[in-house]
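The block underneath contains the structure these notes are about, expressed in structure tokens.
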Amino acid sequence: MNPTIELLKSHRSIRKFTEQKIPRELLLELIRAGQAAATSSHVQAYSVIHVTDPAKREMIAELAGGQGYIASCADFLVFCADMKRPTDAAERTGATVVRGMTEQLLVASVDVALMAQNVVVAAESEGLGICYIGGIRNNPQQISDLLGLPDHVYPVFGLCLGYPAQDPDVKPRLPVEAVLMENSYREERAPVAAFDATMQTYYSERSGGNKDTDWSRNLTPLFDTKLRPHMRDFLVKRGFEMK
């Protein structure tokens, strides 16, 4: 395998960081690498908030579910889906702009995810560790107020960056046979059953035998209740009426 593929396959989430700072120019290069990602129709529907205020980082850590590494990592970024900049730009040309379309929400969400993943790969190629923070969406309105986000912009996830102070194992992924399909969708339970056995072993070894679960059972809390039901109303209030 070439080094790029090996790097991609070696990804781990890092939640403990050294005190070493990330050089400013390196951080800027990571953002430039992110901007090089594919973007729908060259819209570039994203903005990144670099949170340097320690008090704000402490508040975000609490709002995101008590994730202390938000405060302790070298740098913390909040990736936002941003339809304000491109729609404002189009409006300045004299166009009658239609805002709030579901497709705009999808475009901005996909754009920012692609951009962030480029940042992550670039960061890991430089020996940095990362951890995505989906807990940003636990309290999206408070996060938006804290960061001064305008309408038509919403915080999608955060990203911890820093030099790793831990070396966790790579978490297994589903067998490729479970996700790669040819010509049409098919449902096969055998690859999932095999993966459950793999994850049972992984969780047991990682926890010293204290965690008895597998992939399927670990998904239960995500789907046996309505997860973040506030997001729809929040997005509508941000101007994404989803028409």
Side-chain angles (χ1 to χ4, degrees), residues 8 11 13-15 17 20-65 67 69-89 104-163 231 234-235 238-240:
L8 290 167
H11 166 73
S13 291
I14 300 297
R15 295 177 174 84
F17 301 92
Q20 183 178 352
K21 303 297 183 183
I22 299 173
R24 174 69 177 178
E25 186 53 39
L26 174 56
L27 182 63
L28 294 178
E29 279 299 297
L30 299 182
I31 299 301
R32 293 183 186 111
Q35 290 181 272
T39 169
S40 179
S41 301
H42 206 221
V43 173
Q44 303 173 81
Y46 44 69
S47 290
V48 184
I49 310 298
H50 182 203
V51 185
T52 58
D53 184 332
K56 284 191 175 184
R57 283 173 61 167
E58 291 283 358
M59 291 176 68
I60 293 171
E62 184 62 28
L63 290 169
Q67 301 186 66
Y69 28 93
I70 292 174
S72 62
C73 63
D75 287 286
F76 183 68
L77 307 174
V78 177
F79 285 81
C80 304
D82 185 349
M83 265 295 162
K84 177 176 171 56
R85 184 189 303 111
T87 54
D88 283 358
Q104 293 174 359
L105 173 64
L106 291 173
V107 164
S109 300
V110 171
D111 261 20
V112 73
L114 293 174
M115 190 266 192
Q117 188 61 15
N118 258 31
V119 171
V120 164
V121 174
E124 291 179 333
S125 77
E126 288 288 330
L128 295 172
I130 73 94
C131 185
Y132 279 108
I133 306 295
I136 286 291
R137 299 190 303 280
N138 289 355
N139 293 285
Q141 187 60 60
Q142 292 94 319
I143 297 289
S144 297
D145 293 343
L146 187 65
L147 301 179
L149 303 184
D151 287 348
H152 307 290
V153 179
Y154 87 94
V156 184
F157 44 72
L159 186 72
C160 296
L161 286 166
Y163 291 93
M231 282 302 298
F234 165 74
L235 289 169
R238 302 304 296 178
F240 294 98

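Hydrogens, waters and symmetry mates are skipped; everything else that's a heavy atom, side chains included, is used. The first residue in the sequence is number 1, and the count goes up from there.
- Ile60 is listed as a side-chain neighbour of Ile136, based on a closest heavy-atom distance under 4.5 Å.
- By the side chain to side chain donor-acceptor pair (under 3.5 Å) test, Ser144 pairs with no residue at all, sequence neighbours left out.
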Show me the side-chain donor-acceptor pairs of residues 118-131 shorter than 3.5 Å, one per line, residues at least two apart or across chains.
| residue | atom | partner | partner atom | Å |
| --- | --- | --- | --- | --- |
| Asn118 | ND2 | Ala33 | O | 2.9 |
| Glu124 | OE2 | His11 | ND1 | 2.6 |
| Ser125 | OG | Ala122 | O | 2.6 |

With side chain to side chain contact (heavy atoms under 4.5 Å, CB included) as the test, would you mind laying out the steps for Leu149 and Ile49 before giving the verdict?
CA-CA 10 Å; Leu149 303 184; Ile49 310 298; 4.2 Å; yes
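- Residues meeting the ring-ring contact (aromatic ring centres under 6.0 Å, His included) test with Phe240, sequence neighbours left out: Tyr154.
- By the side chain to side chain donor-acceptor pair (under 3.5 Å) test, Lys56 pairs with no residue at all, sequence neighbours left out.
- Put simply, the side chain of Asp111 gets close to the backbone of Ser40: a donor and an acceptor are under 3.5 Å apart.
- Taking the ring-ring contact (aromatic ring centres under 6.0 Å, His included) definition, one finds that Phe76 meets it with nothing, sequence neighbours left out.
- A donor-acceptor distance shorter than 3.5 angstrom exists from the side chain of Arg137 to the backbone of Val156, with no hydrogens or angles considered.
- Judged purely by atom type and a 3.5 angstrom limit, Asp82 has no side-chain atom pairing as donor or acceptor with the backbone of Ser47.
- The ring-ring contact (aromatic ring centres under 6.0 Å, His included) pairs that include a residue from residues 118-147 are Tyr132-Phe157, where partners are two or more places apart or lie in different chains.
- For Arg57 (side chain) and Cys73 (main-chain N/O), a donor-acceptor pair under 3.5 Å exists by modelled atom type.
- Residue Leu114 holds its CG atom at 14.0 Å from CD of Gln35, rounded to the nearest 0.5 Å.
- A donor-acceptor pair is defined here as one N or O able to donate and one able to accept, closer than 3.5 Å; no such pair exists between the side chain of Arg238 and the backbone of Gln141.
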